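One structure is given here, and the rest of the page talks about it.
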Amino acid sequence: MLEQTHFRVEKKEQDAFKLILANVGLTPNEAYKIFRRKTIESGGIQFEVSQPSTRLKEALKSKDYIEFDSAKEGLDWLND
């Protein structure tokens, strides 16, 4: 049997929440499902979901790294 859950939240808070979730590729509905399942599995709230820090975002944009098409290619490069 399915049950529906509704929340009332301030618009400003909901907009900020949606923005953070979008940065990690989730919708509010998906985040709630993850929260609910993990809470049940762990018997409490024992996980963290966060967005990348400014430092990490800048490092990823810098392209100061080498990309490989496969793990084997990366390992071969390391072993040369």
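It should be emphasised that the depicted structure is a prediction, and the values quoted were computed from it without experimental measurement. Computed from heavy atoms alone, side chains included, the values below leave out hydrogens, waters and symmetry copies.
Put simply, CG on Asp80 and CG on Asp76 are 6.5 Å apart, with the number rounded to the nearest 0.5 Å. With rounding to the nearest 0.5 Å, the separation of CG in Asn79 from NZ in Lys72 is 9.5 Å. Remark: Lys61 NZ to Glu58 CD distance equals 7.0 Å, nearest 0.5 Å. Met1 contributes atom CE, which lies 7.5 Å from atom CD of Glu3 (distance to the nearest 0.5 angstrom).
When all heavy atoms of Lys18 and Pro28 are compared, the pair lying nearest together is CG-CG, 3.8 Å. In this structure, Ser50 and Val24 approach most closely via the heavy-atom pair O-CG1, 3.4 Å.
Trp77 and Phe68 have tilted rings, their planes meeting at an angle from 30° to 60° on a 0 to 90° scale.
Remark: Ile20 pairs with Gln51 by the side chain to side chain contact (heavy atoms under 4.5 Å, CB included) rule, at least two apart or across chains.
For the pair Lys38 and Glu41, the salt-bridge criterion is met [side-chain N within less than 4.0 Å of a carboxylate O].
Contact of the Val9 side chain with the Phe17 side chain is not registered, since no non-hydrogen atoms from C-beta on lie closer than 4.5 Å.
Under a 3.5 Å cut-off, the side chain of Glu73 and the backbone N or O of Asp69 do form a donor-acceptor pair.
A donor-acceptor pair shorter than 3.5 Å can be found between the side chains of Glu30 and Thr27.
Side-chain heavy atoms closer than 4.5 Å link hydrophobic residues (I, L, V, M, F, W, Y) into clusters, and following such links, possibly through other members, connects Ile45 to Leu26.
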